Structures are given as structure tokens and as C-alpha cells.
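From a predicted model like this one, the values you see are computed outputs, not experimental measurements. In what follows, chains are A, B, ... by sequence order, proteins preceding strands, each numbered from 1.
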Amino acid sequence: MRITQGTFSFLPDLTDEEITKQIQYALDNGWPCSVEFTDDPHPRNTYWEMWGLPMFDLTDAAGVLAEVNECRKAKPEHYIRLNAYNANYGKQTVALSFIVQRPSEEPGFRVERQEWHDRAIRYTLHPYAADKPHGQRYQQNGQQ
Amino acid sequence: MTPPDRLPGSKIPATRVGFGMARPGSNAAGPQAPEEAEEKETLPPDARIDLAKERAETGIDDVFNALDSELVGLAPVKNRIREIAALLLVDRARAQFGLSTSRPNLHMCFTGSPGTGKTTVAMRMADLLYRLGYLRRGHLISVTRDDLVGQYVGHTAPKTKEVLKRAMGGVLFIDEAYYLYREDNERDYGQESIEILLQVMENQREDLVVILAGYKDRMDAFFVSNPGMGSRIAHHIDFPDYTLQELDDIGKLMIRAEGYKFSPDAEKTFREYLNRRMKQPRFANARSVRNAIERARLRHASRLMEADKPVGKEELTTLSSEDFLSSRVFANSDSARTSDDSLTE
């Protein structure tokens, strides 16, 4: 199941060229970019792991894309996203966040039902990938 | 569950380009390379290109005019820059015919004494390359050894990469680049920084241009001990020292820019000052001229204050010869300027 989180997630995956344009748009607005990755794509998992520090003082997208590629090389089967932070007073929030890499296979989520008192049922989502311990998820066949 | 290759209702084919990321074992440049090639339209072989018009469109003449008006002398440097610009312009024209368009190597090395305008020319160069379309942004990041080399193991690489990231799309100007390599210390972290630089200079030539700067003899020694660096730099430009006449012109240019002028006798004194200063140690060409004028302005101001008389525009803008004569340069000399000695400290 295709994860749809962040901007552009209902579009086909962006090419590097398109990613470069988005980064450039963010930089032209003065939003520093940062790269994050995770193997736990639960929709409520907002804090992904940081790939290095946010990149300040950049003017050109090539530097950010180089970091994205570094992260892809190190984490070929993880979700990677790119955040652009708007630090302006009154905003001070992530202005743009989109996925730039996803694992080759996304097993998706199952619904879990929990019996509650008075025969009530509570529902929750559980990613199949999370059945495996952290670090062993989304591994391709043969890769250990 | 298998991932749906097609979103509901979308016309996107099942075989997507994807992120274009290099998965292990796949060719990174694979799907995108042909698309780029299609975008460029090649001209028919019998087409004509007006180089003069191309030149006017890029606006590089503005850069040359700025170079000519801002920088006195430096004829060999300006010629070299014109040559480089001509080459790049012709390369662009060739590209329009679909002729071989391998990106030329644009890394440069500026050698010369301090104050000969290396940084200023580097800034103009960044602007020039930007206008010709060889740089995407055209900004200049000026760094020294401190900005590139770390203080402990593992500190250098992130620091250098950080600087390189900032310089992407523009020019990375490394002042006194020979300090990166210390031959007396083999474990110096500078070597690590040089290796990263070399890698980026080679692999990301379209992303940034590196300009090294420094004294000629020390740069030469640097290239001898780092042959890889020397071979990756295509343009070695030597900045000659200014002649007395050129320094005089520079001084007048600076004075005019600051809204001052020389009194008739000050003009002669200023020339004499430069003549003496040039022979003294630590003479830094245009920088020394700027400092001399700054100090003259200081003396000029205190002279006006001490005179305690109402002043007009004339007094406020005129530097007289005594503003220069009280300089150390004249005090230390033993030439026969007895009449002026009374004015020196």
C-alpha cells in the first residue's frame, strides 16, 4: 500500500529533477531544508530520524540533493523525506515536507480491533513492517 | 498486498520512472538522460549564429565594463578573462549546433601579491559565468583554511562538505589555498579537505567552480606537492603588481568615490608617498593605497577640528599635502625633504 504522507504524495513519485525544483523553490523562499528517514511510516509517527543537521545558508539545490542522495545510499530501503522549515516569525513551522524515497515494497497496514468494555470495539492501525524489529524492516529478499 | 502501480483514475503508466534514485545495481542516470537530450533543439547545419548578438544578450559586456572601470591596469588578467569568455560563448554556439559540448573545466587559480584585486576579479568572474549560463546562481563564497579544516579527527569532512554545499551553484573562492597543505605535518587534516575538494571539483563540475588564490611562489609549491590539484585547474591567472602610475590612478579613483579631491600640491605628495611606500616592506598594492587614504582622511578631519574655523565645502572635500606628509613613510626616510620634516611627527 502506497503511503501518502506530506506534499505531492498523491502524485507519482517525483524525479530528481522535480525534487531539485522543489528544493530550489524552498531555498528561494528562505526555508532551510533538512533530510529525515524512518522505517516506521505510521501516520502518527511525526518524528523521523534526522539525516544530519538542517542545512542553513544554502542558495542552490545541488547541495541539498547531494545530501538526499547520500541518505539514499545509506538507507536504500527506508522512507526518506525532505522538510523545508519556514522560520519567519508567526510561521515557525514546516512549510513543505515531501517523501523523496520509499521502499521498493510497501506492505501497508492492518486494522486491529480491540475489545473494550461494554462490547465496544476500538480500532487502530498497525503497519505490517512493524512486526519486525527496528532495523530489519523493508529488507529485500536475500538482503540481511 | 502489492503496491498499486497506478493511482485510481490517473493516467500514469504502470512503469513509473520512480524517484530516479540509484538503487544498488541500477544505473542512476538511466531513465533521465535521454529526456534531457531531447529538450535541446539542434540548429540545422547551415544556420548562422550572430556571436555579437549572443554576446549582447548575455550581458557580459556589463561585466567587462565594470572590470574596466573598477580595476585599474591588470591588462593581462583582463585579456585572459576576455579569452575565457570568448571560449565559453563559442562553446555555447557550438552546443546549439549539437557539436561536442563537454563542459569546459572552469576551475581557476589566481596568483599574485596581496591587494592586486584577486577577490574583486573572482566576484566579477562569478557574475560572468552566471551570465554565460555556466553557473546557476553566481554567488561567491570566500573561505580560508579555517573554514575547511577541522580541529579533530572526523571534523574536517563535514566542515568541508558544509562549505561545498553552500558554494553549490556559485564560486568557491579559497584564499591562501596553500595553507590547506602543510608539508611539515603529514597528519594534518588539510589533506583530507583537499581530497574532498578534488572529488567535488572532478565529479560536480557543473555545480560549482573553485578558484584558488594566493602568492605565486607558494601556490606553485602547493601544486608541486598536490599534483592532482594542479591538473584539475585549467586557468592559471597571474596578477602583476601595480606600477606607480596605476597605484596613482587607483588612489584617485578611491578618492573620487569617497567624495574627496587632492589639492594641487597634494597630488604630487601622494605620488611621492606611493613611491616611498612601494619600497617599504609589507606593501599590499591597492590595499595599502586604501589605508593611506583612510589615514589621510583621519588627519584631514583632525586638522579641520584643530583649526577651529568655519569650513565650507571646499575645505571638507580637499585633502592637502600635509595630510600625507605627516605619515610615517616620510618620517622614516632619510631623503632630503628638510622643509617637510617640521610637519612630521
Novice: Heavy-atom pairs under 4.5 Å with chain B - which of Asp60(A), Leu58(A), Thr59(A), Val68(A) has more of them than the others?
Specialist: Asp60(A)

Novice: Can you name the nearest heavy-atom pair linking Gly63(A) to Lys165(B), along with the distance?
Specialist: O-CD, 3.4 Å

Novice: Are any of the side-chain nitrogens in Arg166(B) or Asp57(A) under 4.0 Å away from the carboxylate oxygens of its partner?
Specialist: no

Novice: Given that the side chain runs from C-beta out, which part of Glu67(A) has a heavy atom under 4.5 Å from chain B: side chain, backbone, both or neither?
Specialist: side chain

Novice: Counting only heavy atoms not in Tyr181(B), do more than 12 fall under 6.0 Å of its OH?
Specialist: yes

Novice: What heavy-atom pair brings Asp28(A) and Arg137(B) nearest, and what distance separates the two atoms?
Specialist: OD1-NH1, 3.4 Å

Novice: Relative to chain A, which of Lys161(B), Glu162(B), Gln204(B), His139(B) shows the most heavy atom pairs under 4.5 Å?
Specialist: His139(B)

